[in-house]
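In this text the structure is predicted, and so the values were computed from the model without any measurement. Residues: numbered from 1 along the sequence shown.
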Amino acid sequence: MEKHLEIEYKTRINPEDQHIIFDYFPFSEPIFQENRYYDTENQDLFKKGIMCRTRKIKDHVVLTVKVPQDFGIMEYEATVVGTIHDCGNVQIVLDEFNLKGSDLVEITFSNTVRYEYKDAFGTWCLDITQFEHHRDFELEYELYHDEDQAEKHYYSTLKSIGIEFEEIDPKFVRALNSKDLKDVPSSNQD
């Protein structure tokens, strides 16, 4: 099991802004992510603000449990071999939360195309995410470590690109909310 503090800044962007961002950053080739989100039948994790997900990139699957902290989010991670219900690596993480793999049920999903660019303070990620009933766009800045100048760098970079900051919920929350959009006309879902 790996454990580390995630510190990131992110903003919602409109679909047209992605072209401006592509011109600004020399992004890597796209990374395709399949995300599946889990909780107990009683939503025990969600009620505590905890997110549990598997992310598949090519043939590699990682379980991540995210727990909000006063500053940042503590991430617990393990490589999944087999399924989350019978994997020893997963159980080591779940032991931290007094859960068993058999307690978890899949509650929603998302698929993301991610483009990355690394600079002095962290990794810029342009994410285009397809949820069950809508698609959205965000620009994340995942820091290598807590750095006083990183927040100023983030906002000044947005300003220099011409992107206005707009707060955005975590993907997990957006995936849950997408389930409620099934009755919204498709023209309003992008």
Side-chain angles (χ1 to χ4, degrees), residues 1-15 17-18 21 30-40 42-57 61-78 80 84 90 93-94 96-97 99 104-117 121-146 150-151 154-155 157-158 163-182 184 189-190:
M1 173 179 74
E2 293 183 28
K3 180 179 170 183
H4 63 274
L5 185 66
E6 177 188 60
I7 303 168
E8 68 181 7
Y9 303 102
K10 57 186 170 181
T11 184
R12 177 185 308 276
I13 59 170
N14 65 52
D17 287 343
Q18 70 175 312
I21 293 167
I31 300 165
F32 300 93
Q33 304 172 344
E34 179 184 290
N35 304 294
R36 301 205 172 273
Y37 301 97
Y38 298 87
D39 205 338
T40 65
N42 297 325
Q43 297 184 334
D44 297 316
L45 296 173
F46 184 74
K47 290 173 185 173
K48 297 175 184 173
I50 297 173
M51 186 279 307
C52 179
R53 145 198 103 207
T54 58
R55 173 169 285 165
K56 181 178 180 183
I57 300 175
V61 181
V62 173
L63 173 94
T64 304
V65 178
K66 294 186 175 192
V67 181
Q69 307 293 298
D70 290 338
F71 180 71
I73 296 172
M74 188 58 66
E75 290 189 338
Y76 300 79
E77 294 186 331
V80 179
I84 64 165
V90 167
V93 172
L94 295 179
E96 295 283 322
F97 304 94
L99 292 172
L104 298 178
V105 294
E106 183 178 331
I107 54 172
T108 192
F109 69 92
S110 67
N111 293 304
T112 299
V113 179
R114 171 172 278 189
Y115 298 88
E116 295 182 342
Y117 170 70
F121 302 115
T123 303
W124 291 90
C125 305
L126 172 60
D127 288 347
I128 304 165
T129 303
Q130 182 65 50
F131 299 98
E132 188 168 355
H133 295 287
H134 82 286
R135 178 179 48 172
D136 67 23
F137 302 79
E138 72 181 306
L139 183 61
E140 291 186 8
Y141 191 41
E142 298 179 354
L143 304 186
Y144 301 132
H145 49 78
D146 185 15
E151 184 175 15
Y154 172 75
Y155 287 107
T157 301
L158 288 183
I163 302 294
E164 190 170 322
F165 174 80
E166 182 182 342
E167 192 169 333
I168 189 168
D169 286 327
K171 284 183 186 75
F172 172 63
V173 172
R174 291 166 17 227
L176 286 173
N177 290 340
S178 181
K179 293 172 70 92
D180 297 331
L181 293 175
K182 62 182 173 228
V184 176
Q189 295 178 28
D190 282 342

**Study point:** Shortest non-hydrogen contact from V65 toward C52
**Key:** CG2-SG, 4.1 Å
Point to revise | Spacing of S110 atom OG and R135 atom CZ [to the nearest 0.5 Å] | key: 14.0 Å
Check your understanding: Is there a donor in the side chain of Y141 and an acceptor in the side chain of T157, or the other way round, less than 3.5 Å apart?
Key -> no
Check your understanding: Side chains of R36 and R53: closer than 4.5 Å at any heavy-atom pair?
Key -> no
Practice item. Indicate yes or no: does R114 engage E138 in a salt bridge with an N to O separation below 4.0 Å. Key: no
Check your understanding: Given the rule in the side-chain contact (heavy atoms from CB on, under 4.5 Å) test, do L99 and T40 qualify, once you have shown the distances and angles that lead to the verdict?
Key -> CA-CA 9 Å; L99 292 172; T40 65; 3.8 Å; yes
Practice item. Give the intermediate values and the outcome of salt bridge (charged side-chain N to carboxylate O under 4.0 Å, His left out) for residues E75 and K3. Key: CA-CA 6 Å; E75 290 189 338; K3 180 179 170 183; over 6 Å; no
Check your understanding: Do I57 and F32 come close enough that some side-chain heavy atom pair is under 4.5 Å?
Key -> no
Check your understanding: Are I107 and Y38 close enough, and set up right, to give a side-chain contact (heavy atoms from CB on, under 4.5 Å), and what steps lead you there?
Key -> CA-CA 5 Å; I107 54 172; Y38 298 87; 5.8 Å; no
Practice item. Compute whether any side-chain donor of one residue and acceptor of the other, for T64 and E77, lie under 3.5 angstrom apart. Key: yes
Check your understanding: Going through the distances and angles, do D169 and N177 end up as a side-chain contact (heavy atoms from CB on, under 4.5 Å)?
Key -> CA-CA 10 Å; D169 286 327; N177 290 340; 4.3 Å; yes
Review point. Is L126 close to I13 at the side-chain level, that is, under 4.5 Å between some pair of heavy atoms?
Key: yes
Check your understanding: Between atom CG of L94 and atom CG of L63, what is the distance when rounded to the nearest 0.5 Å?
Key -> 6.0 Å
**Study point:** Test item: E151 side-chain N/O and Y155 main-chain N/O as donor-acceptor pair under 3.5 Å
**Key:** no
Check your understanding: Which heavy atom of T11 sits nearest a heavy atom of E166, and at what distance?
Key -> OG1-N, 2.7 Å
Exercise for review: Return yes when atom CD of E164 has more than 12 non-hydrogen atoms of other residues, nucleotides or ligands closer than 6.0 Å, and no otherwise.
Suggested key: no
Review point. Out of T112, T129, N111, which one pairs with Q33 under the side-chain contact (heavy atoms from CB on, under 4.5 Å) rule?
Key: T112
Check your understanding: Yes or no on side-chain hydrogen bond (donor to acceptor under 3.5 Å, both in side chains) for T54 and Y37, after CA distance, side-chain angles and deciding distance?
Key -> CA-CA 7 Å; T54 58; Y37 301 97; over 6 Å; no
Point to revise | Any donor-acceptor N/O pair, Q18 side chain to P15 backbone, under 3.5 Å | key: yes
Exercise for review: Looking only at non-hydrogen atoms, find the nearest pair between L104 and L45 and report the distance.
Suggested key: CD2-CD1, 4.2 Å
Review point. What heavy-atom pair brings L5 and F71 nearest, and what distance separates the two atoms?
Key: CD1-O, 3.6 Å
Check your understanding: Does E142 reach the side chain of C125, with side-chain heavy atoms less than 4.5 Å apart?
Key -> yes
Exercise for review: Determine, step by step, whether W124 and Y154 satisfy the ring pair (Phe, Tyr, Trp, His ring centres under 6.0 Å) criterion, reporting the C-alpha distance in whole Å, the side-chain angles of both residues, the deciding distance to 0.1 Å, and the verdict.
Suggested key: CA-CA 9 Å; W124 291 90; Y154 172 75; 5.6 Å; yes
**Study point:** Short N-O contact, R55 and E34, less than 4.0 angstrom
**Key:** no
Check your understanding: Got a salt bridge between E140 and K171, using NZ or NE/NH1/NH2 to carboxylate O under 4.0 Å?
Key -> yes
Check your understanding: Does Y115 reach the side chain of I128, with side-chain heavy atoms less than 4.5 Å apart?
Key -> yes
Check your understanding: After noting the C-alpha distance and the side-chain angles of I50 and F97, does the key distance pass the side-chain contact (heavy atoms from CB on, under 4.5 Å) rule?
Key -> CA-CA 10 Å; I50 297 173; F97 304 94; 4.2 Å; yes
Revision key, fill the gap. For K10 and F165 the tightest heavy-atom approach is O-CE1, 3.2 Å
Revision key, fill the gap. dist L176:CG -> T108:OG1 (nearest 0.5 Å) comes out at 6.0 Å
**Study point:** Smallest separation among heavy atoms of F109 and E132, with atom names
**Key:** CZ-CA, 4.1 Å
Exercise for review: Would you check if L143 and Y9 make a side-chain contact, meaning some heavy-atom pair closer than 4.5 Å?
Suggested key: yes
Review point. Between Y144 and F121, is the ring centre distance below 6.0 Å?
Key: no
Review point. Would a 4.5 Å heavy-atom cut-off, applied to side chains only, mark D39 and V105 as touching?
Key: no
